[in-house]
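Before any comments, here is the structure.
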Amino acid sequence: MARWKELPAALDSRERRLVAELRRLKDHSGLSLAALAAKTAYSRSSWERYLNGKQPVPREAVEQLARVCGTDPTRLAVLHDVAVRARQPAGGAAAAKDPEEQEDGPAQEAAAAPPDAAPPQGAGDGGGQPVARPARTVALGWFLAGVAVAAAAAFTAGLLAGGAWSDGGKAAGAAQTADAAAGGKPGYRRGVAYRCEVKREGAELRAGHGTSRTILLDTNSTGFDVVEVQCLLREHGFDPGSTEGLYDQATKDAATRFQKARGLVADGIVGPKTWGELRK
């Protein structure tokens with residue numbers, strides 16, 4: 001598979017993380033850009049722009065890619081919302097359209113613009129009364145509003161990415177809400193070591209925390225599906241060191257060793273093939 005181009009240096013870190021997750025999902029599915037175009041409402045050239053950071057990815061495109069690749073779009077949708085807040089700090093800018101949808105935009109604007117408007121009277125080199133300049137009060141207000149919204153977006157992104165919540169009943173409730181939005185089932189708690197009771201049900205091994213065979217899991221994934229993977233890895237003799245439901249580096253290392261032992265692509269990302277081997 002061809003290597004991806006390096007993302008633009010000016011791309012915001014939250015936008016960069018979203019694009020990296022979408023690239024990883026696309027690569028793991030084995031689908032080409034042409035195949036994505038055939039299975040979604042977006043063209044091959046649109047996917048090329050989205051996945052190379054040339055243009056912001058629409059939320060609908062994020063959700064369609066997740067569904068086509070057989071994974072829950074919730075976590076990617078959260079990353080998309082964080083990226084949107086980062087790229088629109090003033091909260092009033094309209095989302096960028098696909099160039100294919102706005103090809104006539106510049107031409108229409110040019111047609112609507114008046115031809116070479118004459119400069120205001122008295123603005124030339126010959127003197128005259130100076131033209132009054134507009135007050136800067138409105139611009140300053142928008143600037144301060146933009147700073148406040150940007151700070152709020154950065155704070156929210158930090159909470160979503162790191163789960164940095166304080167102790168106490170209110171914080172625990174907020175953490176539960178954030179985990180549910182990030183893909184964990186209601187009731188999941190970070191920092192809790194869950195019991196592994198692996199049993200064979202029919203032809204499959206199950207630890208009682210999830211029944212998935214398709215969802216993609218990688219670093220920083222959280223929830224009961226991660227607990228299920230950690231229990232199954234331990235059952236197969238590849239101890240991840242924890243069953244707290246956080247896909248950390250130790251879990252990824254254990255998954256990589258398991259994949260090598262089973263002759264799979266050893267990238268540490270749990271997908272349909274790795275699930276199939278874990279369930280045996």
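Only a predicted model underlies this, so the values are computations on that prediction, with no experimental measurement involved. Residues: numbered from 1 along the sequence shown.
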Next item on the list: For residues Ala255 and Val270, report the shortest heavy-atom separation together with the two atoms involved.
Entry: CB-CG2, 4.4 Å
Item checked: Side-chain heavy-atom pair Asp239, Leu233 within 4.5 angstrom cut-off -> no
Notebook entry, point to check: Can you tell me if Thr243 and Gln230 form a side-chain donor-acceptor pair at under 3.5 Å?
Noted result: no
Checklist line | Distance-minimising heavy-atom pair for Ala207 and Cys231 | finding: CB-CB, 3.5 Å
Next item on the list: Mind listing the closest non-hydrogen atom pair of Trp47 and Ala61 along with its distance?
Entry: CH2-O, 3.3 Å
Margin query: Determine whether Asn52 and Trp4 satisfy the following criterion, side-chain contact (heavy atoms from CB on, under 4.5 Å), listing intermediate values before the conclusion.
Written below: CA-CA 8 Å; Asn52 282 297; Trp4 288 104; 4.1 Å; yes
Check: Are Leu7 and Leu76 connected in a single hydrophobic cluster, I mean Ile/Leu/Val/Met/Phe/Trp/Tyr linked by side-chain heavy atoms less than 4.5 Å apart?
Finding: no
Checklist line | hydrophobic_cluster_shared for Leu79 and Val19, side chain cutoff 4.5 Å | finding: no
Note to self: Once you measure the plane-to-plane angle for Tyr188 and Phe224, does it fall in the parallel (<30°), tilted (30-60°) or perpendicular (>60°) bin?
What the structure shows: perpendicular
Next item on the list: Using only heavy-atom distances, determine whether the side chains of Ser13 and Arg16 contain a donor-acceptor pair under 3.5 Å.
Entry: no
Next item on the list: Could you pull out the closest heavy-atom pair between Arg44 and Leu33, with the gap in Å?
Entry: CG-CB, 3.7 Å
Margin query: Would you compute the distance between atom CZ of Arg23 and atom NZ of Lys26 and round it to the nearest 0.5 angstrom?
Written below: 10.0 Å
Item checked: For Gly53 against Pro8, the heavy-atom pair lying closest together -> O-CG, 3.7 Å
Notebook entry, point to check: Hey, are the side chains of Asp225 and His209 touching, using non-hydrogen atoms and a 4.5 Å cut-off?
Noted result: no
Checklist line | Side chain to side chain, Gln259 and Asp267, heavy atoms closer than 4.5 Å | finding: yes
Item checked: Non-hydrogen side-chain atoms of Pro272 and Arg213 separated by less than 4.5 Å -> no
Next item on the list: Starting at OG1 of Thr222, measure out to CZ of Arg189 and round the result to the nearest 0.5 Å.
Entry: 13.0 Å
Margin query: Quick check on the hydrophobic clustering: are Leu11 and Val62 connected, directly or via other members, by side-chain heavy-atom contacts under 4.5 Å?
Written below: no
Check: Are Val229 and Val198 linked, directly or through other ILVMFWY residues, by side chains that come within less than 4.5 angstrom of each other?
Finding: yes
Note to self: Walk me through whether Lys54 and Glu48 qualify under salt bridge (Lys or Arg N to Asp or Glu O under 4.0 Å).
What the structure shows: CA-CA 8 Å; Lys54 298 177 182 178; Glu48 190 276 333; 3.0 Å; yes
Next item on the list: Could you tell me whether the side chain of Arg279 and the main chain of Ser212 form a donor-acceptor pair under 3.5 Å?
Entry: yes
Check: Hey, are Glu204 and Lys280 close enough for a salt bridge, meaning a charged N less than 4.0 Å from a carboxylate O?
Finding: no
Check: Can you tell me if Arg75 and Asn220 form a side-chain donor-acceptor pair at under 3.5 Å?
Finding: no
Item checked: Check: Thr214 side chain, Gly70 main-chain N or O, donor-acceptor pair, under 3.5 Å -> yes
Check: To the nearest 0.5 Å, how far apart are NE2 in His80 and CZ in Arg14?
Finding: 14.0 Å
Notebook entry, point to check: With no hydrogens and no angle check, do the side chains of Asp248 and Thr251 hold a donor and an acceptor under 3.5 Å apart?
Noted result: yes
Next item on the list: Would you give the length of the straight line joining atom CD1 of Ile269 to atom CZ of Arg24, rounded to the nearest 0.5 angstrom?
Entry: 5.0 Å
Notebook entry, point to check: Arg206 and Glu228: salt bridge (Lys or Arg N to Asp or Glu O under 4.0 Å), yes or no, with the steps?
Noted result: CA-CA 8 Å; Arg206 294 189 179 181; Glu228 183 80 2; over 6 Å; no
Next item on the list: Could you please spell out the steps behind the side-chain contact (heavy atoms from CB on, under 4.5 Å) verdict for Glu235 and Cys196?
Entry: CA-CA 9 Å; Glu235 178 71 12; Cys196 293; over 6 Å; no
Item checked: Polar side-chain atom of Ser46 near backbone of Tyr42 as donor-acceptor pair, under 3.5 Å -> no
Next item on the list: Check whether Leu264 and Leu232 end up in the same hydrophobic cluster, where Ile, Leu, Val, Met, Phe, Trp and Tyr are linked by side-chain heavy atoms less than 4.5 Å apart.
Entry: no
Checklist line | Atom of Ser221, atom of Leu217 and distance for their closest heavy-atom approach | finding: OG-CA, 3.8 Å
Item checked: Trace of the side-chain contact (heavy atoms from CB on, under 4.5 Å) decision for Phe258 with Arg262 -> CA-CA 6 Å; Phe258 175 78; Arg262 295 302 177 98; 3.8 Å; yes
Checklist line | From OH (Tyr247) to CG (Leu216), nearest 0.5 Å | finding: 10.0 Å
Note to self: Would you say that His236 contacts Leu205 through its side chain, given a criterion of any heavy-atom pair below 4.5 Å between the two side chains?
What the structure shows: yes
Checklist line | Spatial distance of atom CG (Leu65) from atom CD (Glu60) [nearest 0.5 Å] | finding: 11.5 Å
Margin query: For Arg200, is the CZ atom crowded, meaning more than 12 foreign heavy atoms sit under 6.0 Å from it?
Written below: yes
Check: Run the side-chain contact (heavy atoms from CB on, under 4.5 Å) check on Leu246 and Ser242 step by step: do they pass?
Finding: CA-CA 8 Å; Leu246 172 63; Ser242 169; over 6 Å; no
Note to self: Do the side chains of Arg59 and Glu63 get close enough for a salt bridge, i.e. N-O under 4.0 angstrom?
What the structure shows: yes
